[in-house]
Amino acid sequence: MHIAEGFLPPLHAAAWTVIAAPFVVHGAREVGRVARERPEARLLLGAAGAFTFVLSALKLPSVTGSSSHPTGTGVGAIVFRPPVMALLGSVVLLFQALLLAHGGITTLGANVFSMAVVGPWAGYGCYRLLRRAPLAVAVFVGVAVADLATYVTTAAQLALAFPDPVSGLLGAFARFFGIFAVTQVPLAVVEGILGVVLVRALHSWAGPELEGLGRVGAREEGVSVDA
Amino acid sequence: MTHRLTRHEPPAVPAVLAAAGVHAGYPGGPDVLDCVSLEVARGRRVALLGANGSGKTTLLRCLSGAHRPGAGEVLVDGRPLRHRSGALGEHRQRVQLVLQDPDDQLFSADVRRDVSFGPVNLGLPDAQVRTRVEEALTALGVAHLADRAVHQLSYGQRKRVAVAGAVAMRPEVLLLDEPTAGLDPRGVGELLAALERLEGLGTTVVMATHDVDLAWSWADEVAVVVDRVVRQDVLVKVLTDTDLLRSAGLTPPWPVRLLRALGREVDVLDPPRTAADVAALLA
Amino acid sequence: MTHRLTRHEPPAVPAVLAAAGVHAGYPGGPDVLDCVSLEVARGRRVALLGANGSGKTTLLRCLSGAHRPGAGEVLVDGRPLRHRSGALGEHRQRVQLVLQDPDDQLFSADVRRDVSFGPVNLGLPDAQVRTRVEEALTALGVAHLADRAVHQLSYGQRKRVAVAGAVAMRPEVLLLDEPTAGLDPRGVGELLAALERLEGLGTTVVMATHDVDLAWSWADEVAVVVDRVVRQDVLVKVLTDTDLLRSAGLTPPWPVRLLRALGREVDVLDPPRTAADVAALLA
Amino acid sequence: MARLAVDDAAWASRWRSRSTEEKALLALGLLLIAVTTGSAPVVTAVALLAVGCALAGARVPWRTYLRVLLAPAAFVLLGAASVAVTVGDGSTGAVWSAGPVAVTDETLGRALHVLGRSLAATSAMALLATTTPVVDLVAGLRRLRVPDAVVDVAELTYRMLFLLLDTAATVREAQAARLGYSGGPAARRSLGMLGSVVLVRAAGRARRLEAGLAGRGSSGTLRTLAPARPVSWTFVTLSVTVLAALAAWSVTG
């Protein structure tokens with residue numbers, strides 16, 4: 001769920017940009033480090049960015065009637081790790097704003113924070129915590145949590161920007177959460193299931209193409225895909 | 001050459017697959033096809049010729065039900081195709097399209113599982129799925145590859161596995177988009193042999209290609225896509241029409257070019273398809 | 001047919017590009033090429049024929065410096081190529097390889113910027129980069145596409161832009177891997193015309209293909225990759241050797257098939273390349 | 001190959017040959033004023049100016065432009081409606097109420113303000129998006145000293161996303177042909193496989209592109225020569241004047 005261009009008051013838009021910036025800079029450093037060590041990694045990272053864009057452009061079979069798209073950041077965080085996802089997610093969000101008018105330039109900071117920072121970290125955290133659980137469970141929870149965390153963050157951002165005159169922040173949060181929950185909660189479940197099918201299918205490919213894919217964003221060995 | 005005007009001379013048996021006055025295009029662009037008609041009679045080999053970007057693929061996508069025409073109809077056994085999910089599902093069991101790039105059609109890591117994709121979606125019981133998979137793999141001559149990983153196969157093998165995936169749906173009509181593109185002569189031979197086996201099982205095959213020599217050696221009828229319309233006739237009538245071919249960005253097949261250069265006509269009923277045929281004619 | 005034994009009869013001028021006893025393979029697999037020799041004389045059109053997977057691409061990659069042979073040498077003007085970064089960089093200015101799929105070589109969505117990539121890597125000043133880009137785009141007949149996005153171009157156009165990217169390096173030898181695969185006759189014609197312009201500018205062109213008819217109509221010499229070795233000779237010698245071609249999974253070109261069927265020999269010095277040539281011979 | 005309407009418009013726009021800097025100055029300037037102003041007439045002026053520049057100046061097809069403006073409509077309308085409504089004791093000054101839900105003058109005004117701001121801001125952003133291809137903006141980022149690796153990744157993402165969109169659309173169609181979307185479970189299975197096919201293909205593309213670029217003398221970074229696009233000082237002067245006038249109006253009016 002992208003916050004539309006101009007929807008946030010200027011101060012909020014600026015504040016979220018400042019808050020998201022360190023994560024993006026960290027991601028950019030990480031990408032720069034990887035690219036210095038292995039120049040060819042930029043091609044793999046470009047492909048990863050394009051993959052994330054395409055994944056988020058897939059139309060899901062109707063969830064509660066409306067057409068909806070996955071966020072793609074949960075799967076991305078599991079495969080490429082959150083720091084890299086912060087940068088790739090920012091690039092993808094910028095392109096989504098420019099090419100599809102999803103989100104915007106002034107709201108880029110807010111959207112980056114919810115979709116490229118909070119979602120990936122929350123999802124990846126759950127995925128790592130469930131390391132000992134069956135892979136399907138870990139992936140499902142990781143992807144679904146990434147989705148829900150993104151959505152809760154967005155609702156909170158909107159509530160902070162538009163507190164209810166009577167019931168205040170909490171009331172506004174409940175309202176924004178409620179209005180979009182109709183589409184977002186089933187979406188999280190569906191995306192979780194998709195994530196499981198996707199990661200399972202990736203395992204079965206195990207072709208030469210996938211060598212190095214999981215290691216793109218990883219400092220240590222043994223990341224998700226080849227785990 | 002004249003249009004085949006089906007409305008004036010209706011054949012006794014309706015074509016197994018036909019397009020009637022089909023208009024098709026993509027959002028934001030002009031029409032790619034403009035009142036196109038095409039007929040595929042059961043058991044007749046139809047080659048759909050045209051330059052890249054002429055609309056061959058769009059026409060195949062219309063016929064397969066993947067693309068909904070802006071106007072006009074696609075008919076199966078004379079009955080118009082309805083774009084409702086039930087009717088479309090039924091249509092897809094009867095008409096299968098095989099795309100040019102096999103990698104666009106292979107979704108699973110191993111061959112057997114990939115070929116089973118369609119039958120499983122049909123909701124068939126396991127035993128029947130297995131039968132169909134073996135049958136399709138055998139027909140395409142790739143039964144020995146059943147347990148291999150898709151990425152270990154050569155391009156020609158992947159191509160035949162992709163066709164097997166369509167064949168496992170047991171379609172009446174198989175539409176092939178540029179089936180020989182990128183294949184070496186041996187690969188082409190193996191594919192054509194497999195198609196002949198399928199025809200023996202009752203499948204009607206339509207092939208889109210820009211390889212005029214291939215069409216000459218294989219087809220009964222040719223439909224040329226040119227300037228957004230289709231002109232269809234028996235093989236020789238179309239492939240000796242130099243003007244038509246030129247406007248389609250194609251050249252006549254070599255036997256036609258040679259016989260023309262020698263000032264001889266080409267027999268409509270018994271065209272010389274191979275070098276041996278031509279030699280026999282010239283000797 | 002006999003091997004062209006260069007060591008016994010050294011030509012007066014060393015070949016602009018040659019492979020001598022090259023062994024090549026990939027980690028974990030058997031050798032793809034086994035003591036392969038090949039010679040490309042300046043200005044001679046060499047067609048490298050072979051089935052899919054025969055090792056054509058690997059040989060081109062060795063010649064271009066992209067793949068380091070396990071044994072044997074690649075020679076430029078008689079001097080062996082050293083796989084050190086400086087020497088390799090110099091080699092790449094002289095020998096450029098164009099891959100089969102243009103999308104494997106075009107990384108920028110902007111045509112002009114993509115073509116500028118090579119010259120920029122050479123460290124040339126901006127003005128010279130601009131000259132080279134315009135020159136390459138013009139030679140390939142795609143100057144009018146310079147401001148279009150790569151993803152808006154047709155396959156044939158992307159193919160020519162990819163060649164332009166290599167041409168902007170001003171190579172002496174241009175290696176093309178399956179340059180006509182997937183192109184319709186018009187696309188093939190445009191590409192061949194562009195290659196002729198390049199030859200006029202002094203570029204030597206080597207083409208890997210499995211299209212025997214194309215090789216027949218285009219090449220001066222043919223090298224066939226078969227069973228991991230290469231057999232090279234003048235066009236007619238190779239393409240009338242039915243046994244050799246069969247073992248390579250290929251068939252002779254149609255004029256050879258026809259003349260053979262008529263019991264006639266093919267003139268080694270003046271082969272009939274077109275339908276008109278064959279007709280003149282038969283008339 | 002896959003096409004996106006906004007992208008097509010940007011490549012075909014009459015302002016394509018203008019320098020990225022001058023277009024960014026105008027569009028981002030309008031965007032900044034749209035989000036910061038509290039004045040309804042200024043918001044309207046910004047929206048009209050952006051639309052005018054895009055349609056009359058850059059000759060962007062109006063359908064494409066309209067589609068950009070309407071893309072966020074569902075979010076904006078739902079969001080604004082939610083701002084317009086207050087829950088709790090809404091009896092004081094309610095324009096409309098039903099039980100605990102009420103719309104007051106204050107909330108309605110706030111909603112309309114957000115609505116106008118979003119619309120004006122979107123039209124300003126759309127002016128940039130429909131006149132400047134992403135490659136040019138990415139090249140602009142390089143001039144702004146964004147690290148090379150990041151710019152390279154962004155440029156490759158842009159190039160490859162069209163290839164992968166194409167793959168995704170084709171694979172999806174092939175799956176549909178074999179009844180891969182005939183029911184909920186089949187559809188979810190198909191989509192998961194689609195995702196993995198796209199990822200595998202993306203990785204394969206990257207590997208082959210790496211080989212392709214090595215042959216062209218790639219030294220790591222993907223530097224190219226940007227086409228020379230001189231800044232038009234007339235355009236800049238006009239833009240600055242208009243932006244300054246709007247800013248002044250916004251502060252005083």
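Values in this document were obtained by computation on a predicted structure and should not be read as measured data. Below, read A as the first sequence line, B as the second, and so on, with proteins coming before strands; counting in each chain starts at 1.
Among all heavy-atom pairs drawn from C/Ser108 and D/Val135, the shortest one is OG-CG1, 4.4 Å. Here the closest non-hydrogen pair linking D/Gly212 and C/Gln105 is O-CG, 3.9 Å. Closest approach of D/Thr221 and C/Phe117 over heavy atoms only: O-CE1, 4.1 Å. The two residues D/Arg205 and C/Asp103 have their closest heavy-atom pair at NH1-CB, 3.7 Å. Shortest non-hydrogen contact noted between C/Ser116 and D/Thr224 is OG-CB, 3.4 Å.
Under the 4.0 Å criterion applied to side-chain N and carboxylate O atoms, D/Arg159 and C/Asp110 are not assigned as salt-bridge partners. A salt bridge is defined here as a Lys NZ or Arg NE, NH1 or NH2 lying under 4.0 Å from an Asp or Glu carboxylate O, and C/Asp104 with D/Arg207 fails to meet this definition.
Interface summary for chain D: among C/Leu153, C/Asp126, C/Val133, the most heavy-atom pairs under 4.5 angstrom belong to C/Asp126. Contact count against chain D (heavy-atom pairs under 4.5 Å) is highest for C/Arg148 among C/Met169, C/Arg148, C/Arg112. Chain C forms the most heavy-atom pairs under 4.5 Å with one residue out of D/Pro133, D/Pro227, D/Ala226, D/Ser218, and that residue is D/Ser218. With chain D as the partner, the residue from C/Gly89, C/Ser64, C/Ala166, C/Gly165 showing the most heavy-atom pairs under 4.5 Å is C/Gly165. With respect to chain D, the highest number of heavy-atom pairs below 4.5 Å among C/Val95, C/Val98, C/Asp101, C/Leu122 belongs to C/Asp101.
Interface residue D/Asp8: backbone and side-chain heavy atoms are both found under 4.5 Å from chain C. C/Val115 touches chain D through its backbone: at least one of N, CA, C or O sits under 4.5 Å from a heavy atom, while the side chain does not. When heavy atoms are compared at a cutoff of 4.5 Å, D/Arg223 approaches chain C by way of both its backbone and its side chain. Contact annotation for C/Leu88: neither backbone nor side-chain heavy atoms come within less than 4.5 Å of a heavy atom of chain D. Only the side chain of C/Leu99 has a heavy atom closer than 4.5 Å to any heavy atom of chain D. In this structure, chain C has heavy atoms under 4.5 Å from both the backbone and the side chain of D/Ala228. For D/Leu222, the parts lying under 4.5 angstrom from a heavy atom of chain C are both the backbone and the side chain. Both the backbone and the side chain of C/Ala149 come within contact range of chain D, with heavy atoms under 4.5 Å apart.
Note: C/Arg130 CZ to D/Leu225 CG = 4.5 Å, rounded to the nearest 0.5 Å. The distance from the CD atom of C/Gln152 to the CH2 atom of D/Trp11 is 7.0 Å, given to the nearest 0.5 Å.
Within a 6.0 Å radius of CZ in D/Arg63, other residues, nucleotides and ligands contribute 12 heavy atoms or fewer. With a 6.0 Å radius and a threshold of 12 heavy atoms from other residues, nucleotides or ligands, C/Glu172 has its CD atom above the threshold.
The backbone N or O of D/Gly215 lies less than 3.5 Å from a partner atom in the side chain of C/Gln96, making a donor-acceptor pair.
Neither side chain, D/Asp166 nor C/His151, offers a donor N or O lying under 3.5 Å from an acceptor on the other.
Under the rule for a side chain to side chain contact (heavy atoms under 4.5 Å, CB included), the partners of D/Ala120 that lie at least two apart in sequence or sit in another chain are D/Ala34, D/Val43, D/Val46, D/Ala47.
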May I have the step-by-step check of side chain to side chain contact (heavy atoms under 4.5 Å, CB included) for C/Arg113 and D/Glu155, ending in yes or no? CA-CA 11 Å; C/Arg113 292 237 313 255; D/Glu155 175 144 25; 2.9 Å; yes

Step by step, work out the salt bridge (Lys or Arg N to Asp or Glu O under 4.0 Å) result for C/Asp114 and D/Arg216. CA-CA 11 Å; C/Asp114 193 276; D/Arg216 297 173 66 190; 2.9 Å; yes

